Amino acid sequence: MSQLQEVSVDQYRHLVSERALTGETMLLNMGPQHPSTHGVLRLLLELDGETVISCIPDVGFLHTGVEKNMEAKTYQKAEVMTDRLDYMNTMGNNLAYVMAVEKLVDLDVPVRAQALRVILSELQRIASHLVWLGTSGLDLAAMSMFLYCFREREQILDIFELVSGQRMMTTYIRPGGVWRDVPVEFEKAVRDFIKIFPRRIDEYETLLTNNPLFLDRMLGIGKLDAATALSHSVTGPMLRASGVNWDLRKARPYMGYEQYDFNVPVHTEGDTYARYLVRVQELRESLKIVEQALNKLPLGPVRSDNRKFVPPPRSEIGTSMEALIHHFKLWTEGFPAPKASIYSAVESPRGELGVFLEGDGGPKPYRVHMRTPSFDNLSPLSKMVKGHLVADLVAILASTDIVLGDIDR
Amino acid sequence: MDWTIWVEWLIKSLFVIFALLTGFAYLTLYERRALAKIQVRIGPNRAGWQGLLQPVADAVKLIFKEELTPAKADKLVFFWAPIITMVPSIVIAAVIPFGPTTTLFGRTIVFSVANINVGVLFLMAVASIAVYGIVLAGWSSNNKYAMLGGLRSSAQMISYELSLGLGFVTAILLGNSMNLHDIVDAQKGVWFAVVQPVGALIFMIVTLAEVNRAPFDMPEAEQELTAGYHSEYSGMKFALFFMAEYQKMIAISMIAATLFFGGYREFWFLKDTFLSVDQNWWLGPIYLLLKVVVLLFFMIWIRATWPRIRYDRLMSFGWKVLLPLSLAVVFISAVGVLLAQELNPGYIWLVPVVSIVVGLFATAMIDQALRRKSYAIR
């Protein structure tokens, strides 16, 4: 039983201005149940008419204790929890965590697995941006955008189902490679998507990019300059929309990203429209990466053959005693990791997704910490919305592309 | 006054009221199916053939839903607000003509519930009352979102009422009468939308704001204000707001059709054929229905496509663009009508030419004002 604490109003006076106490301004609780807070985010707003004077984001409603739970599981089994973090970017979360594990135990990944990881995480980036585009369109009441975007996202989720058996909680990328090789239908499914998608992006752009009403809502709204963005450790499309060219895929290439030819869209205006443009252009760039990776997808194994870390294939278990022992040991005890701490990061659709792992010599991590991009990207919100209207607040919040599962962990 | 006139009024009133009520019910289905078509979905098609019983199912659901009144609401105002919104949306249809004057059973029958000689003024007066309901609903709910919705509604109404009035003035000038029957008869050959296309366009834009439809649906902006003024309403009281909105859509489309698109009159190419309303009076309501369905489709189409405009931009659009433009349109129409009367009837065709030029000029000015050309796009 926790001790009940007496809370007085005076403790929270500092959150609002003096004018709120006299009733001159209005305090408005936006969320946690609100259609436009993209989950269970609560915003404490102080409004003068409809102008936002101050905005205090309140997070933690979706706290699930993922990081702590992972300490109680072996390195392999903890991976399923990463799916639940940022549910718009499951493949990317898998990749970030698996890369950290591989770095900790020093495990090599076959080139085919690397290419598959790139294809799937870029498809995931497209799917995540599509959800963002659809929901931010919906936040501005362009309701058809939502359904158009989900139509294409469905195609990507079908591809995920094809390779992993799951639409969202895939856990397909595993330490040492991927779960199993992709089925033969995979290539055709991805090629179909590559063929159809550029036209669909044009369709979205016809509806939004030059629409005067849309421009009216987006131009010059929620400006974030590069210095403020950096001081809030904002990453991803938000940072690139503020004029800082920082993309981990280019700056610290991983999984062979250096061999693909793609651009990093950068805009300098730092407003919601720049963020929109960056993300829409990223859709095209991601598609380019997928196409290149698919064209030179090498043949070969998709999992490392280091049996100390990667379970043997099913066919070997029936014939090889050693394989059976490895399988038993890996799925009961797990593999031990050295007593060391590492940090590894990937570029998620939202920004830098970093995983900090500390091993203690045993099969379970001593400490896991995620550096999730949504949390840092939300932090400059109070600065961005000051002086804007409530309607702009919704647009600005949508442009930060937060996922509450990612923030609260 | 003999008793048959009471029977006539009763029949005509019942006809209009039932037309509006069933029209409302099927407009919801029409909107959902049309939206679904645009959004590559199917839409409601389970209840009855092609979902034709869906409105019935919705009505039954709304009637049996629990009604909640917030504890700190102003109970009296909270109760009356939906009624104040709902009643004008039916009453407004009283003066709209839906057929030509004709002789039936030895009586001269005028196909509108009330044929008053200042019908246009009646429309203006009634159209403005509905906003009281919305503001009162927002205020009495004791909910901050509802309050913001109600305030937005009143601000929006003030900004647009003037342009709406000037739209009426254009039709009055061209029709040379305030009686809606006369205005319709004046469009026998040429619709006013052809003579004054810019005026018709402004009128259509303003009516969207008048009925709180997208992209001007600020008072209920569900993304910002959850549901705006009707956040706290449930059950049948909510259904009344819903009905009011859709009946206003129908009524305002009827008004737009009457003032600018020839009302119950046939299409211009059917003039003097057996499909003309002068030969067959019963074609009148059918033509009006067709026009209303087309106008409603535009409202639905706009809702499916465009983002919502922001509340302060809406007001500046109303005051800085639409009001001057509609004043110019009224001026041009007045001069054109005068020239046509005094000199040569052909001069009336100066009106569409000049007003289109002015309209394009205004569009170019807005485009300039947005200054989006300088913004690098691809």
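Everything numeric here is computed off the predicted structure, so don't read it as measured data. In what follows, every chain begins at residue 1, and chains take the letters A, B, ... in the order their sequences are listed.
In this structure, B/R303 and B/L35 have side chains that are in contact, with non-hydrogen atoms separated by less than 4.5 Å.
For chain B, the option among A/L27, A/L28, A/L389 with the highest count of heavy-atom pairs below 4.5 Å is A/L28. If you tally non-hydrogen atom pairs under 4.5 Å between each of A/L207, A/L393, A/V390, A/D392 and chain B, the highest count goes to A/D392. For chain B, the option among A/A398, A/P265, A/S144 with the highest count of heavy-atom pairs below 4.5 Å is A/S144. With chain B as partner, the option from A/M145, A/E50, A/Q33 having the largest number of non-hydrogen pairs under 4.5 angstrom is A/E50.
Looking at A/F214, the atoms closer than 4.5 Å to chain B (heavy atoms on both sides) sit in the backbone and in the side chain alike. Contacts of A/I221 with chain B are made by side-chain atoms alone, with heavy-atom separations under 4.5 Å and no backbone atom involved. At a 4.5 Å heavy-atom cutoff, the contact between A/L47 and chain B is made by side-chain atoms alone. The contact between A/M26 and chain B is made entirely by side chain atoms (from C-beta outward), counting heavy-atom distances below 4.5 Å.
For the residue pair A/R240/A/N245, the side-chain donor-acceptor check at 3.5 Å is not satisfied.
Outside the 6.0 Å centre-distance limit, the rings of B/F241 and B/F238 are not counted as a close aromatic pair.
Within a 6.0 Å radius of NZ in B/K65, no more than 12 heavy atoms belonging to other residues, nucleotides or ligands are found.
Ionic pairing of A/E282 and A/K288 is not present here: no N-O contact between side-chain nitrogen and carboxylate oxygen is shorter than 4.0 angstrom. The existence of a salt bridge linking A/E285 and A/R125 is excluded, since no basic side-chain nitrogen approaches an acidic carboxylate oxygen closer than 4.0 Å.
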